[in-house]
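As the structure is a computational prediction, the values presented were derived from the model and not from experiment. Reminder, nothing fancy here: chain letters follow the sequence lines and each chain counts from 1.
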Amino acid sequence: MEAVTNEAPNFDFETKVVAIAIAPGEAYCLSKENLKYLKDALAGEAVKVGHQLKASLLALRKEGFDCGGPLFDTQVAHYLIEPEASHELSILANQYLGTQLIESYDPVKNVCERADAALQIKKHLTRELESRNQTNLMTAVEMPLIRVLAEMEFEGVTIDTGKLGDMSDELKKDSQRLQGEIFEMAGMEFNIASPKQLGEVLFDKMRLLDKAKKTKTGQYATGEDILTKLAGEHEIAKKILDFREDEKLRSTYVDVLPRMISRFDGRVHTDYRQAVAATGRLSSNNPNLQNIPIRTGKGKRIREAFVARDKEHLILSADYSQIELRLAAVFAKDATMLEAFKNGRDIHTTTASKVFKVDIKEVTSDMRRKAKEVNFGILYGSTAFGLAQNIGISKTEAAEIIEAYFKEFSTIKKYMDDSINFAREHEYVETLLGRRRYLRDIHSRNQTTRGFAERNAINAPIQGSAADIIKLAMLNIQQWVKQEKLKSKMIMQVHDELVFDVHKEEADLFKEHVPWLMKTAVQLDVTLDAEVAVAENWFGAHG
DNA sequence: TGTGTCACG
DNA sequence: ACGTACGTGACACAT
Ligand SMILES: [Mg+2]
């Protein structure tokens, strides 16, 4: 089946027609006026097959129709089979059926063609999934998750536009002032937002650096890392950084989010993509709700504009603590790390104590900061160079730290080697639930290309298993909410965090039960931990 | 359309 | 000698 909508922005689309394929080569198309004749068939237990079913479920839901029965999404199925390939229906039809999708000017013919193709492709995808042992991942995780995501998207998020409106005025004023100051210091006017012009002003005209770093296209690099190093000596660099921050926040969030509010219900509705991220994570777009600022003072005010739907509700956020490092400890069976997590110790302080060979009590904040970067670097397969760049130390010092790390955490080193060797043997790596990432570049003779594949071999099982786990938690939480007929709604997922619009009467219950369901989503050699907080807005709902 | 940059986990 | 820590999406600019 497939529902077609118009292309209205935000959540303001309207359903046009729905096509139903019932046997190979036999499909019917109904206008929205006639959908009522499909009501029972849609609600029934027959498996619903389609490409991008979430979009169809939402289109039908807006017309007041609910879909029952199991789901089979051909796009998501192919994503499990070959995550980084194109999952376009036309390509799948060509690959599995040996046919070209007929592109007609008649939207009715097109949608019937697509519904028919999806129905026919299903058996091929089912066979492929079975051969990879991914049937359970498909039927027990990804397919039920479609309904959960559809419900979250349908529910939407409330934005305090008044707050953002105030910020927009302030940001405009601030960046206007900064622009004037930058022109003054540069002795000329130019477009600060043009990296090309900016680089020429800073490094040709003002000669702030003898050997300015260039990008791969030969322009001067003017990224945050470079400007931060200049900022101590040159006031203009600091001003440019401030200007950039203001413009980023204004142009990406403050001025955009209010325009994304739906006329339908006054809320913002993201679109979670379930077949994009190579590791198994979700992504979020239109708008992206997974990169809402939090790290800076101005950023935090944007997050404060994410509020509960009314006076009867609050925002609750629950997030996993160090889930990726816990998974690394589990995969490596690292006794030191497992012990630290078991005893609820601070993992970065523990790492610092081992790497810098001091007592836990002797760990300084600088040692902890460095150890934290080392722990992240490990998850990403970092080299000494990368670590040095990232914490602003010499490559020699970074190499020493890494050497000390692998001496203390030799099982982590072994995990990394094992993972790379697994990839060399199978040309893929896999997660806890059997999700794969193919790494055919692992045999590349180009060391840069091969290096990427090796780092992916280390990182993908960790990042992907964390994605598996939060998906399981989401399924369990939604099931619980439904079973208990609760009023509160899950409204966002941000990789290791779940956000809820909770009814005040249910706040304590959710505070108790949501973290519990997150921690118990899987049983591992380490306990998972989740923190939870409730507030009037999203920023407040963080520890 | 590609590039550089930067917001998040 | 070269490139160099994972995964995303969105914006402005330049072509
Ligand atoms: Mg966390």
Side-chain angles (χ1 to χ4, degrees), chain A residues 83-84 190-199 213-228 240-241 243-257 260 270-273 276-296 298-300 302-303 319-325 328 373-391 395 398-399 402 416 429 437 446-464 466-467 470 492-498 538:
Chain A
E84 288 171 273
F190 62 102
N191 187 345
I192 306 166
S194 162
K196 186 167 177 286
Q197 293 181 39
L198 177 64
K213 203 182 131 204
K214 301 269 186 82
T215 67
K216 62 180 174 190
T217 56
Q219 285 187 39
Y220 290 116
T222 66
E224 193 177 1
D225 49 342
I226 290 169
L227 294 183
T228 302
I240 293 163
L241 286 167
F243 175 87
R244 286 237 177 106
E245 183 187 358
D246 289 354
E247 283 299 295
K248 181 80 175 184
L249 297 183
R250 193 185 56 75
S251 71
T252 309
Y253 307 100
V254 174
D255 285 357
V256 175
L257 287 170
M260 306 285 278
T270 187
D271 178 3
Y272 288 105
R273 294 191 191 177
V276 166
T279 55
R281 277 188 173 183
L282 300 176
S283 80
S284 159
N285 70 0
N286 290 311
N288 184 352
L289 297 184
Q290 292 181 324
N291 72 344
I292 301 302
I294 191 171
R295 292 171 189 172
T296 67
K298 281 172 175 168
K300 123 187 180 165
I302 295 173
R303 210 169 261 234
D319 78 298
Y320 284 109
S321 321
Q322 310 294 357
I323 189 169
E324 293 193 2
L325 282 171
E373 293 297 330
V374 172
N375 280 333
F376 275 108
I378 293 306
L379 298 177
Y380 303 150
S382 166
T383 60
F385 179 91
L387 183 68
Q389 287 289 302
N390 230 285
I391 39 181
K395 195 178 149 183
I402 289 175
M416 293 166 69
V429 291
R437 179 169 188 181
N446 179 319
Q447 69 173 4
T448 304
T449 306
R450 191 174 63 247
F452 271 105
E454 289 172 356
R455 294 193 294 276
N456 286 333
I458 295 163
N459 179 259
I462 296 171
Q463 188 179 117
I470 197 167
M492 288 187 272
Q493 189 253 38
V494 192
H495 311 305
D496 72 343
E497 173 186 16
L498 298 172
W538 191 12

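One finds a side-chain N or O of A/R295 lying less than 4.0 angstrom from the OP1 or OP2 phosphate oxygen of B/dG9. Remark: A/S283 is in phosphate contact with C/dG9, judged by side-chain N or O atoms under 4.0 Å from OP1 or OP2. Residue A/T448 places none of its side-chain N or O atoms closer than 4.0 Å to OP1 or OP2 of C/dC2. For the pair A/R244 and B/dA7, the criterion of a side-chain N or O lying under 4.0 Å from OP1 or OP2 is not met. Considering only side-chain N and O atoms, A/R281 lies nowhere under 4.0 angstrom from the phosphate OP1 or OP2 of C/dT8. In terms of phosphate contacts, A/T217 brings a side-chain nitrogen or oxygen within less than 4.0 Å of OP1 or OP2 of B/dG4. OP1 or OP2 of C/dC13 lies within a sub-4.0 Å distance of a side-chain N or O belonging to A/N191. In terms of phosphate contacts, A/S382 brings no side-chain nitrogen or oxygen within less than 4.0 Å of OP1 or OP2 of C/dT4. Residue A/Q197 places at least one side-chain N or O under 4.0 Å from the OP1 or OP2 atom of C/dA14.
Using a 4.0 Å heavy-atom distance criterion, A/I294 is classed as a sugar-phosphate-only contact. As judged by a 4.0 angstrom heavy-atom cut-off over every strand, A/G451 is placed among residues making no nucleic acid contact. Within the nucleic acid shown, A/A466 has no heavy atom closer than 4.0 Å to any nucleic acid atom. Within the nucleic acid shown, A/E373 comes within 4.0 Å of at least one base atom, counting heavy atoms only. When heavy atoms are screened at a 4.0 angstrom cut-off, A/F452 is found touching the sugar-phosphate backbone but no base atom.
Out of C/dA10, B/dA7, C/dT8, the shortest distance to the side chain of A/N285 is found at C/dA10. Distances from the side chain of A/R455 to the nucleotides C/dA10, C/dG3, C/dA5 place C/dA5 closest. Side chain of A/Q447, nearest nucleotide from C/dC6, C/dG3, B/dC8: C/dG3. With C/dG9, B/dT5, B/dG9 as the choices, the nucleotide that has an atom nearest any side-chain atom of A/T215 turns out to be B/dT5. Closest approach to the A/R437 side chain among C/dG9, C/dC6, C/dA12 is made by C/dC6 (side chain taken as heavy atoms from C-beta onward). Minimum atom distance to the side chain of A/S194 is reached by C/dC13, of the listed C/dC11, C/dC13, B/dC8. Residue A/A221 places its side chain closer to B/dT5 than to any other of B/dA7, B/dT5, C/dC6. Checked against C/dT4, B/dG9, C/dC13, the side chain of A/F385 finds its nearest nucleotide in C/dT4. Distances were taken from every side-chain heavy atom of A/T383 (C-beta onward) to each of B/dG9, C/dT4, B/dA7; the shortest belongs to C/dT4.
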field: Intermediate values then yes/no, salt bridge (charged side-chain N to carboxylate O under 4.0 Å, His left out), A/R250 and A/E247
entry: CA-CA 5 Å; A/R250 193 185 56 75; A/E247 283 299 295; 2.8 Å; yes
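Distance check, rounded to the nearest 0.5 Å: CG of A/L198 to CD1 of A/I192 gives 7.5 Å.
The distance from atom CG of A/L325 to atom P of B/dG9 is 15 Å, rounded to the nearest whole Å. Atom CG in A/L379 sits roughly 13 Å away from atom P in C/dG7 (whole-Å rounding). Taking atom CD of A/Q463 as the reference point, atom P of B/dC8 lies 17 Å away to the nearest angstrom. Note: CG (A/N459) to P (C/dT8) measures 10 Å, nearest angstrom. Put simply, CG on A/N288 is 21 Å from P on B/dT5, counting in whole angstrom units. Nucleotide B/dC8 holds its P atom 14 Å from the NZ atom of A/K300, rounded to whole Å. Residue A/R250 contributes atom CZ, which lies 14 Å from atom C1' of C/dA10 at whole-angstrom precision. For the pair A/F376 CZ and C/dT4 C1', the computed distance is 20 Å after rounding to whole Å.
Put simply, the side chain of A/Q290 and the base of B/dC8 share no donor and acceptor less than 3.5 Å apart. Checked by distance alone, A/E247 brings no side-chain donor or acceptor within 3.5 Å of a matching partner on the base of C/dA12. Residue-to-nucleotide contacts include a donor-acceptor pair under 3.5 Å from the side chain of A/N390 to the base of C/dA5. If you check distances only, the side chain of A/K196 never reaches the base of C/dC13 with a donor-acceptor pair under 3.5 Å.
Looking at A/P293 and A/L249, their side chains come closer than 4.5 Å, going by heavy atoms from C-beta outward.
Across the strands present, C/dA12 finds its partner in B/dT3; the criterion is a Watson-Crick or G-U wobble pair with both atom distances under 3.5 angstrom.
A donor-acceptor distance shorter than 3.5 angstrom exists from the side chain of A/N459 to the backbone of A/L379, with no hydrogens or angles considered. The main-chain N or O of A/V429 is never found under 3.5 Å from a side-chain atom of A/R437 such that the two would form a donor-acceptor pair. Under a 3.5 Å cut-off, the side chain of A/T222 and the backbone N or O of A/P195 do not form any donor-acceptor pair. Proximity of a side-chain donor or acceptor of A/T270 to a complementary backbone N or O of A/N286 within less than 3.5 Å is not detected.
Comparing B/dT3 with C/dG3, their P atoms sit 15 Å apart, to the nearest whole Å. Across the P atoms, C/dC2 and B/dA7 are found 31 Å apart, a figure rounded to whole Å.
Summary of the strand contacts: A/V374 and A/A277 both lie near DNA chain C, and taking for each the nucleotide with the nearest heavy atom, the more 5' one is attributed to A/V374.
With a 6.0 Å cutoff to the six-membered ring centre and a 45° limit on the axis angle, A/K214 counts as a cation-pi contact of A/Y220.
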